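First comes the structure, then the notes that go with it.
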Amino acid sequence: MAQESPLLWVRDLRKTYGAVRAVDGVSFSVPKATVFTILGPNGAGKTTTLEILEGIREPDSGEIEVFGTRVRRVTPAMKGRMGVLLQEGGFEPYLRVREVLALFASFFDRALPVDEVLARVALEDKARALVRNLSGGQKQRLALGVALVNDPDLVFLDEPTTGLDPQARRNMWAVIDDLKERGKTIILTTHYMEEAEALSDHVCIMDHGRVIAQGSPRELAASLGQDTIIEFDALDLSPSAREGLGACGAQVQADGNLVTLKSADLVATMERLLSWSREHQMPLRNMSVRQPNLEDVFLSLTGRRLRE
Ligand code: ATP
């Protein structure tokens, strides 16, 4: 079967601000009706990449293909088929939810009916509520609704759940999943590894303006092999205790109090770790044993954690 051409494709995208290489040769392609996530720590270049693709910023160089057309800069006609979740909604607090959506819909020649948008962001029961009385999660879903009024094919979500509580975050995830089911293509940035794992078909991990790994969450985790991760908290880890961990037959990383061991032989490593714990009188606080995740991929590639 012939592979469908990607909805968006970029090659060797670059953007510098003075001496800062914010985007330093980024290439990827985004298939239609998928969630494509750019994951990376603060300052990795995620927002700059998105702003170029949204047509807000011009790249210094690189090729962009959107909706099947190769351009140097995203055109107004292309922007008409995109939706952008604004970081700060900043909506008038004394407007009602329905009024906000109707106002934004009035900017477009063709817009979705307000009721349809309300349903897509699960705010039907808040249609008459004042913006000022919405919770943080509801405000964010309203902001997403505003991004959807023109029924876009491509939706950009820059850190859509930052600052939301876990329940509100999950509600947002459900809305994003539903958008994908409707055939929309979603480009998401996040520094929450769990979010990238829960939502993404493809993940592109960025650091210092570069793509350091790409693939499905499963493929990326599998890139660490069959290893198992053992983690625990070690308060006041002495240099000799730290050194002793080296004999556990695992790759060791200590980051503050958190010790991470990556082992190809779980049983052998556990046996040695228990001996180490007794010998150094170090309790294995909050110990967990799990398969590698995207955070481990980032740690293994950079020696750093996503959120430092
Ligand atoms: P965050 O998660 O903090 O939003 P990010 O991955 O989105 O980070 P960017 O906002 O794209 O990263 O920033 C990439 C780099 O470019 C950073 O070093 C940032 O300080 C710098 N930068 C971004 N915008 C500008 C600007 N307008 N002028 C100068 N430097 C900028």
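Counting from 1, the numbers follow the sequence of the chain as shown. Remember, it's 1-based here, ligands and their atoms both numbered in the order they're listed. Since the structure is predicted, the reported quantities are computational estimates derived from the model, not experimental observations.
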(request) Show which atoms of ligand 1 fall inside a sub-4.0 Å distance from at least one heavy-atom site of Pro41. (result)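 That gives atoms 6 (O) of ligand 1.
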(message) Suppose I only count heavy atoms of Thr48 and a 4.0 Å limit; which atoms of ligand 1 are within that range?
(response)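 Contacts of ligand 1 toward Thr48, numbered from 1: 9 (P), 11 (O), 13 (O).
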(message) Using the rule salt bridge (Lys or Arg N to Asp or Glu O under 4.0 Å), only one of Arg110, Arg182, Arg120, Arg81 pairs with Asp151; which is it?
(response)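 Single pass found, and it is Arg120.
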Suppose we measure from [atom] to each protein heavy atom; which comes out shortest, and what is that distance?
atom	value
atom 2 (O) of ligand 1	Lys46 NZ, 2.8 Å
atom 7 (O) of ligand 1	Thr47 OG1, 2.6 Å
atom 3 (O) of ligand 1	Asn42 ND2, 3.0 Å
atom 18 (O) of ligand 1	Val20 CG1, 3.6 Å
atom 8 (O) of ligand 1	Gly43 N, 2.7 Å
atom 23 (C) of ligand 1	Tyr17 CE1, 3.4 Å
atom 16 (O) of ligand 1	Ala22 CB, 3.3 Å
atom 12 (O) of ligand 1	Gly45 N, 3.1 Å

(message) Counting only nitrogen or oxygen atoms and a 3.5 angstrom limit, does Thr49 reach ligand 1?
(response)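 Between Thr49 and ligand 1 (N or O atoms, distance only) the closest approach is not under 3.5 Å.
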(request) Please verify whether a non-hydrogen atom of Met206 lies at under 4.0 Å from ligand 1. (result)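 Under 4.0 Å: no for Met206.
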(message) In this structure, does ligand 1 have an atom that sits under 4.0 Å from one of the heavy atoms of Gly40?
(response)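 It does not; every heavy atom stays at 4.0 Å or beyond.
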(request) Look at Lys32 together with Asp153 and state whether they make a salt bridge at an N to O cut-off of under 4.0 Å. (result)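 Looking at Lys32 and Asp153, the cut-off is not met.
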(request) Give a yes or no on whether a salt bridge exists between Asp24 and Arg210, defined as a side-chain N under 4.0 angstrom from a carboxylate O. (result)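 Here Asp24 pairs with Arg210 in a salt bridge, since their nearest N and O are under 4.0 Å apart.
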(request) Using protein heavy atoms only, decide if any is under 4.0 Å from atom 20 (O) of ligand 1. (result)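 Flag for atom 20 (O) of ligand 1 set to false, no protein heavy atom closer than 4.0 Å.
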(message) Does Arg305 qualify as a cation-pi partner of Phe298, given the criterion of NZ or CZ under 6.0 Å from the six-membered ring centre and within 45 degrees of its axis?
(response)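 The answer is no, since Arg305 fails at least one limit relative to Phe298.
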(request) Establish, for the pair Arg169 and Tyr192, whether the NZ or CZ atom is under 6.0 angstrom from the six-membered ring centre and no further than 45 degrees off its axis. (result)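 Yes - Arg169 lies over the ring of Tyr192, closer than 6.0 Å to its centre and within 45° of its axis.
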(request) Please determine which of Val35, Thr185, Ile186, Val121 meets the side-chain contact (heavy atoms from CB on, under 4.5 Å) test together with Leu179. (result)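 One option only clears the test, and that one is Ile186.
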(request) Measure up the Trp276 and Phe232 rings against each other and bin them: parallel (under 30°), tilted (30 to 60°), perpendicular (over 60°). (result)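 Ring orientation, 0 to 90° scale: tilted.
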(request) Could you point out which residue of Phe156, Trp9, Phe28 forms a ring-ring contact (aromatic ring centres under 6.0 Å, His included) with Phe36? (result)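 Of the listed residues Phe156, Trp9, Phe28, the ring-ring contact (aromatic ring centres under 6.0 Å, His included) partner of Phe36 is Phe28.
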(request) Taking atom CZ of Arg73 as the centre, report whether more than 12 heavy atoms of other residues, nucleotides or ligands fall under 6.0 Å from it. (result)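 Counting neighbours around CZ of Arg73, more than 12 heavy atoms of other residues, nucleotides or ligands fall under 6.0 Å, so yes.
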